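A single structure is presented below for examination.
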Amino acid sequence: MGLRVFNTMGMRKEEFVPLREGEVRIYACGPTVYDFIHIGNARAFVVADVIRRYLEYKGFRVIFVSNITDIDDKMIRRSQEMGLSLQQLGEIYSDAYFEDISALNIKKPNISPRATQHIPEIIEAIRKLIEKGYAYQVDGDVYFDVTKFEGYGKLSGNKMEALEMGARIEVNPKKRNPADFALWKAQKEGEPGWHSPWGWGRPGWHIECSTMAMKYLGETIDIHMGGKDLIFPHHENEIAQAEALTGKTFARYWLHNEWLTVEGEKMSKSLGNFITVRDALKMYSPQVLRFFLISAHYRSPVDFNKENLRVAKTNFERITNSLERLLSLKERAEKKGDEDALLLEVKEAKKRFEEAMDDDFNTPLAIAAIFDIVKAINTYADRNSEIESSVKNEVYEIMKTLMEGILGIRVEVERKDAGQALLVNSLVELILEIRHEMRRRKDWKMADEIRERLQALGFIIEDTPQGTKWRLRRE
RNA sequence: GCCGGGGUGGCCGAGUGGCUAGGCGGCGGGCUGCAGACCCGCUGACAUGGGUUCAAAUCCCGUCCCCGGCUCCA
């Protein structure tokens, strides 16, 4: 079963073939650690995480590198505002970044290189670019000459002439061409800097990614990804730098995710609709947030609003409800009911899930396959109160693999008999026994009041033909 | 100005030529003392005007509208 991905380079779906068989090397552009990450960042990271998990599921050995940008204009400005050193600022927010992605169940990158820890490599790369004639030095700045790199603009589709006519307000007079970009910036008053052959200064925006990607993943990597805003100029420039240096294809597949909007608008601090992952997690569980983020295809926009999150929550609950029903079925040694039909439907749905993911990671379609499993479980549970043990386990394991292993959405059903919950269990069971007696005597008023009061306390009470069931409401 | 993406039922959201996803909601039915959960059925769509075709949401042309990139941004 072949995997197909949409490659921004060429703008079409292609069969995915890694450079080395059985191994995939991924570089995903990470955060600039000058503030908490927001839900737009979260989308990009979740998308990358799902892709990584799916490739691992398919049996590839994945090496996943995601950088941390800890030196740039924003970092400098923020550190001055907060009265912190660049290093302090970077530590605070990179710690926060790791906490946030962990809260969202995003797997940690294998390597998280920081720009400031690769200054010697960056300087060396720039030195070579000058030596090869792709870059030039002016007053302590170093610029990349885009006219020297054939194919500049091939990723974004921008034409050189168009770029030069762009609505740039001020063209830096030091540049030979308006589209040239900085590899090294000379130190300004009060700014941090490193010693270099061109004097004190700091790296430009794009060189860190090319340098670190090649250091850890080799001259040609398999997948390079990020938000679509990075296509130009960031990734275009990365290509120019890396390929000028090596003469080899920098990345074989370029994957870019669409925007996340808030109430239909782009997120920005000035609009006041800037939502950090931390704030979002105060309102919604990580599971619901993740479910929401992948409920649209990664190349389609997705809107963060109450209704969409409400639906994500409802949908997620529908899935966990069915798993709870499955687990509450009594086990038996033999197949006596619809076990074969259930297993067949589940396996077919699993196949549809994989086909959907194989087609450029079509998560909405994959989720539809999950709902097919949900329906199969519910239908089975409507007709049977017991299930053969191995079928039960297999169905549960499949759901767990698809939901948790691949989509990264935890569905672990809380164990009612765990630890101190034991006492709560006994008490609830006792109350329900008393209520059962009231229902037997048709004292509906009292029985309903007990149910309402328990619900107010966060218990969900359901009367079924098999008796009364209860569980804790999950948030 | 240049380049790109898109307009699908009340809402979200798949689908790139025939087999008309899925979810949420609404309506009806079942199960229920009621509620909930769940099952079954119904509802309902391809922005618009042409064209190609035996057949178009899907291809071609025109029109209208929305969004993005060309500047920091996931």
Side-chain angles (χ1 to χ4, degrees), chain A residues 8 11 13 28-32 34 37-48 72-74 77 153 156-170 178-179 205 225-234 236 256-261 264-269 274 291-292 295-303 305 307-319 321-322 324-325 352 356 359 362-372 374-375 377-383 439 442-445 447-448 451-452 455 460-465 468-471:
Chain A
T8 305
M11 298 289 284
K13 277 186 200 169
C29 284
T32 300
Y34 74 113
I37 61 168
H38 59 250
I39 51 178
N41 296 313
R43 180 181 194 190
F45 300 155
V46 166
V47 163
D72 82 331
D73 293 343
K74 291 192 297 283
R77 192 174 1 104
S156 59
N158 284 323
K159 295 188 180 81
M160 291 296 300
E161 314 84 65
L163 285 174
E164 285 172 26
M165 283 175 60
R168 287 162 195 278
I169 294 166
E170 231 176 296
W205 326 315
M225 49 193 309
K228 64 177 280 191
D229 51 305
L230 297 183
I231 295 171
F232 191 90
H234 187 58
E236 193 75 66
H256 294 97
N257 62 276
E258 249 290 349
W259 290 105
L260 175 142
T261 53
E265 284 183 310
K266 188 170 165 176
M267 199 166 23
S268 76
K269 290 195 171 171
F274 190 90
F291 192 94
F292 159 72
S295 62
H297 185 92
Y298 77 92
R299 285 189 288 112
S300 295
V302 68
D303 191 52
N305 62 55
E307 172 61 13
N308 286 350
L309 269 297
R310 198 211 99 235
V311 170
K313 187 164 184 270
T314 305
N315 282 334
F316 176 63
E317 278 169 1
R318 181 167 156 80
I319 292 165
N321 282 347
S322 79
E324 269 168 9
R325 283 188 84 186
R352 286 195 294 278
D359 185 13
N362 193 332
T363 50
L365 197 55
I367 289 170
I370 298 265
F371 280 115
D372 291 337
V374 166
K375 184 163 282 185
I377 292 172
N378 285 331
T379 300
Y380 181 91
D382 273 359
R383 295 184 189 152
R439 292 183 71 219
K442 298 198 191 300
D443 183 355
W444 309 125
K445 204 181 158 207
D448 286 351
R451 183 172 62 199
E452 278 164 29
Q455 278 171 342
I460 293 170
I461 310 298
E462 288 170 0
D463 295 316
T464 75
T468 300
K469 293 185 175 164
W470 70 277
R471 61 178 187 272

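Protein chains get the first letters and strands the later ones, always in sequence-line order, with residue 1 at the start of each. All values reported here derive from a predicted model rather than from experimental measurement. The basis for the numbers below is simple: all heavy atoms, side chains too, and nothing from hydrogens, waters or symmetry mates.
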*If a stem is a run of at least 3 consecutive Watson-Crick or G-U pairs, both distances under 3.5 Å, which stems include RNA chain B?*
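When the pairs of RNA chain B are grouped into runs of at least three, the stems are B:1-7 with B:64-70, B:10-12 with B:22-24, B:25-30 with B:38-43, B:47-51 with B:59-63.
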*Pairwise P distance for B:G29 and B:A47, with rounding to whole Å*: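 Here B:G29 and B:A47 have their P atoms 35 Å from each other.
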*A:E258 CD to B:A74 C1', straight-line distance once rounded to whole Å*: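 Those two atoms, CD and C1', are 11 Å apart.
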_Separation of the P atoms in B:U63 and B:G1, to the nearest angstrom_ =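 Rounded to whole Å, the distance is 14 Å.
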*Give A:I231 one of three labels, base, sugar-phosphate or nothing, depending on what nucleic acid heavy atoms sit under 4.0 Å from its own.*
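No contact.
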_Interatomic distance, A:L309 CG vs B:C24 P [rounded to whole Å]_ =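 After rounding, the gap between these two atoms is 16 Å.
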*Assign A:G40 to base, sugar-phosphate, or nothing according to its heavy-atom contacts below 4.0 angstrom with the strands shown.*
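Counting heavy atoms under 4.0 Å across all strands, the contact made by A:G40 includes a base.
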*What is the per-nucleotide protein-contact pattern of nucleotides 8-21 of chain B, from the 5' end, where B denotes a base atom under 4.0 Å from a protein heavy atom, S denotes such proximity for sugar-phosphate atoms only, and - denotes neither?*
----SSSS-----B
*A:N158 CG to B:C3 P: how many Å, rounded?*
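So the two atoms are 10 Å apart, to the nearest Å.
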_Going by the rule side chain to side chain donor-acceptor pair (under 3.5 Å), which residues pair with A:R325 if we only count those two or more places apart in sequence or in a different chain?_
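With neighbours one apart ignored, the set is A:N378, A:D382.
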*For A:W444 and B:G33, is the gap between ring centres under 5.5 Å while the planes differ by less than 30°?*
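Yes, aromatic ring over the base.
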*May I ask you to decide whether A:K228 forms a salt bridge with A:E258, counting only side-chain N to carboxylate O separations under 4.0 Å?*
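Yes, A:K228 and A:E258 are salt-bridged.
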*When you check the gap from the basic side-chain N to the acidic O, do A:K469 and A:E324 get nearer than 4.0 Å?*
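Here A:K469 does not pair with A:E324 in a salt bridge, since their nearest N and O are not under 4.0 Å apart.
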*Is A:R451 side chain donor-acceptor paired with the B:C34 base, going by distance under 3.5 Å alone?*
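When only heavy-atom distances are counted, A:R451 does reach the base of B:C34 through a donor-acceptor pair under 3.5 Å.
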*With a 3.5 Å cut-off and just heavy-atom distances, do the side chain of A:R43 and the base of B:A74 make a donor-acceptor pair?*
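Absent.
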_Say we look at B:G6 and B:C46: how far apart would their C1' atoms be, to the nearest angstrom?_
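Rounded to whole Å, the distance is 14 Å.
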*What distance, rounded to whole Å, do you find between the two P atoms, one in B:U16 and one in B:C59?*
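Taking atom P in both B:U16 and B:C59, they lie 9 Å apart.
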*Considering only atom C1', compute the distance from B:G22 to B:G9 and round it to an integer number of Å.*
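14 Å, rounded to whole Å.
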*Heavy atoms under 4.0 Å, any strand shown: does A:K74 hit a base, just sugar-phosphate, or nothing?*
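It contacts sugar-phosphate atoms only.
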*Of the nucleotides B:G22, B:C73, B:G33, which has the atom closest to the A:D229 side chain?*
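Nearest listed nucleotide: B:C73.
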*Quick one: side chain to side chain donor-acceptor pair (under 3.5 Å) partners of A:T8, sequence neighbours excluded?*
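By the side chain to side chain donor-acceptor pair (under 3.5 Å) rule, A:T8 matches A:H256.
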_What is the distance, to the nearest angstrom, from the CG atom on A:L260 to the P atom on B:A74?_
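Nearest whole value for this atom pair: 13 Å.
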*Would you give a per-nucleotide map of nucleotides 36-42 of chain B, 5' to 3', where B means the base has a protein non-hydrogen atom under 4.0 Å away, S means only the sugar-phosphate does, and - means neither?*
BSSSS--
*Atom P, compared across B:U20 and B:C12: separation rounded to whole Å*: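 The answer is 24 Å between these two P atoms.
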*Between atom CG in A:D73 and atom P in B:C73, what is the gap in whole Å?*
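Result: 9 Å.
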*Please report the shortest heavy-atom distance between A:N257 and A:A44, naming the atom on each side.*
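Answer, listing the atom of A:N257 first, then A:A44: OD1-CB, 3.5 Å.
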*Quick one: sort the A:F291 and A:F316 rings into parallel, tilted or perpendicular, breaks at 30° and 60°.*
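Tilted.
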*asked:* Please enumerate all residues that pass side chain to side chain donor-acceptor pair (under 3.5 Å) together with A:R383, with sequence neighbours excluded.
replied: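 A:R383 satisfies side chain to side chain donor-acceptor pair (under 3.5 Å) with no residue once adjacent residues are dropped.
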*Looking for any heavy atom pair under 4.0 Å, which part of the strands does A:K266 touch: base, sugar-phosphate only, or nothing?*
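Base contact.
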_Distance, C1' atom - from B:U32 to B:G18, rounded to whole angstrom_ =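 Pairwise C1' distance, B:G18 against B:U32, rounds to 45 Å.
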*Measure from the side-chain heavy atoms of A:T314 and tell me the nearest of B:G33, B:C31, B:C24.*
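Selected nucleotide (nearest to the side chain): B:C24.
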*Basic-acidic side-chain contact under 4.0 Å: A:D372, A:K375*: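 No.
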*asked:* Test side-chain contact (heavy atoms from CB on, under 4.5 Å) on A:T468 and A:E462; report intermediate values, then the result.
replied: CA-CA 6 Å; A:T468 300; A:E462 288 170 0; over 6 Å; no
